[in-house]
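A, B, ... follow the sequence lines: proteins, then strands. Residue 1 opens every chain.
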Amino acid sequence: MAVRTRFPPSPTGFLHIGGARTALFNWLYTRRHKGRMVLRIEDTDRERSTEESVQAIFEGLEWLTLDYDEGPYYQTRRMNRYAEVIRQLLDSGWAYRCYCTKEELEAMREQQRAEGIKTRYDGRCRERLQPEPGVDPVVRFKNPRDGCVVIDDLIRGRIVIGNNELDDLIIARSDGSPTYNLTVVVDDIDMEISHVIRGDDHINNTPRQINIIKALEAPLPVYAHVPMILGPDGKRMSKRHGAVSVTEYREQGFLPHAVLNYLARLGWSHGDDELFSVEQLVNLFDIDAVHRNPAVFDPEKLLWVNYEHIKAMPVGELKEHARFHFEKAGIDIDAQPHWREIIDVNRERSKTLVELVDRSRFFCQDVLDYDPEAMKKHVRGNAGDILLRLRDRFSELEPWAANAIHAQVHAVAGEFDVGLGKVAQPIRVAVTGAAVSPPIDETLAILGREKTVERLERLLEHLKTDPAQASATQPRGS
RNA sequence: GCUCCCUUCGUCUAGUGGUGAGGACGCCGGCCUCUCACGCCGGUAACAGGGGUUCGAAUCCCCUAGGGAGCGCCA
């Protein structure tokens, strides 16, 4: 059987992490089985659907590099088709008009709750012969009363639901517009969907949809219900759990393939393996290895996966992904002659691209002010003398390379009879404005002689004009 | 309330009748060390509970408990 899947978001918000995983599973399954995936925008809720959401979904999918083979189809453009099917169901006796008012239905549910039974429509309009004047009727599907529906779910196994648990659901509103359970069935049939892979919050809808498909005498797709992603509180992921919009992860400096890697491992595994490229995912993923139980989203582990991807990615590619973040920081990374070294030296200490940019900043931009804490801690005592000596040595150092710089730093430490920290830390403050950088010799080598000397001098100047700081001319302990 | 689904370390998971229950993230020690980070070594920590079946159950069955989802003229 040719595999045809679909990803059917409703454009009532951004593409969130749960939807992204559903899209991913569909995509992986489709690619793995050389099938075709269709994108379908389920926008029949005119009240809540927005064009911005449609764009956000496209953007999210594109960022994640999840492409599709057909579509996007819009349900709002298929209204005539739904009307036709509703007509057909009415004509064949599989559907009927219901004139119950909302008040009447609410009273019925109230009654049922009081009796402790499942709230559902009791089918009271099934036998109605005369229309109720002044009421625009809805159309209900006449669900079978006997027998049961069997779902052979690829993930859950066999699920059996008695028809007596189901009620006559509304397939057309009183304004004639179709509802979800009708449109999804019609579309899946028309688009010849072979595999329905969706969140398990849809399990309860599946038997109803199967009954409609049967009434339409169409072939049934294979179902696979994937477990939900839960927030740290064990509840279903939602807006209040923070960054759930996929594009938010881009903002925070995640690599799209790292997000995919992490998402795939939520509910799916391949032995003890943790890190996968997208290509490996496509080759290894299979739907029956997906678990039945829901998974809690762990931001810490996502960070780690991201870090591993940052380390493994070719530097040129990494630069392209980081460009967005460099630009936000006002840095033209392409203008940096040593961009390659800057990225390489920082990537292995950065869990996100935002952090990579932060750590790269001082290489690309002038140091304008000094962290007071760092000044207090490292630029004191004879630090000024040390910096002065360093400035002199560096000015004529040849060649300007990490090992030569290393030797000078050691030599100066020896001359002043201090530990390496007493030399390296003041340099860091001068060169970065704070107390953190890669190894000082590499850092200076990349920075270049000119900027190094310049920044040493600038800090020396700063010390002269700031009497609060320890001065180069004052002996220690005075 | 009713229906459906789920249940191995805090989290993600390996495990399909015989394991000292393994890995990963995190966390805690130690080593390394010019800061940060890495790396290395070590440690903490789980089969929800109760009944069966079996020579033997994390693995099979039942019950209980807990969690999740659904019960719309939303999708």
Is any side-chain N or O of [X] under 3.5 Å from a base N or O of [N], one able to act as donor and the other as acceptor?
X	N	value
A:Q112	B:G1	no
A:R113	B:C2	no
A:D201	B:G70	no
A:S174	B:C73	yes
A:R349	B:C36	yes

Nearest-neighbour nucleotide for the [X] side chain, [options] considered:
X	options	answer
A:R236	B:C4, B:A75, B:A69	B:A69
A:E300	B:C2, B:G68, B:C25	B:C25
A:I170	B:A75, B:C73, B:C12	B:C73

Under 4.0 Å, heavy atoms only, any strand: does [X] hit a base, just the sugar-phosphate, or nothing?
X	result
A:R109	sugar-phosphate
A:N205	base
A:S269	sugar-phosphate
A:P227	nothing
A:A295	sugar-phosphate
A:P9	nothing
A:S350	nothing
A:H225	nothing
A:R292	sugar-phosphate
A:V138	base
A:I203	sugar-phosphate
A:K351	sugar-phosphate
A:E42	sugar-phosphate
A:Y307	sugar-phosphate

### Query
Crowded around A:D417 CG? As in, over 12 foreign heavy atoms under 6.0 Å?
no

So which nucleotide does [N] pair with, by the Watson-Crick or G-U wobble rule with both distances under 3.5 Å?
N	result
B:U19	none
B:A69	B:U3
B:C36	none

### Query
Taking the nucleotide of RNA chain B with the closest heavy atom to each, which residue, A:M228 or A:P178, is nearer the 5' end?
A:M228

## Note on the structure
Judged by nearest nucleotide, the residue sitting upstream toward the 5' end of RNA chain B, A:H202 or A:I117, is A:I117

### Pair A:H195 and A:F25, ring centroids less than 6.0 Å apart
no

### Message
Taking the ring of A:F363 and the ring of A:H338, is the distance between their centroids below 6.0 Å?
### Response
no

### Query
Taking only N and O in the side chain of A:H291, is any of them less than 4.0 Å away from OP1 or OP2 of B:A14?
yes

### Task
First locate atom CG of A:L456, then atom CG of A:L387, and finally report the distance between them rounded to the nearest 0.5 Å.
6.0 Å

Is the NZ or CZ atom of [X] both under 6.0 Å from the centre of the six-membered ring of [Y] and within 45° of that ring's axis?
X	Y	result
A:K351	A:W304	no
A:R77	A:Y74	yes
A:R140	A:Y121	yes

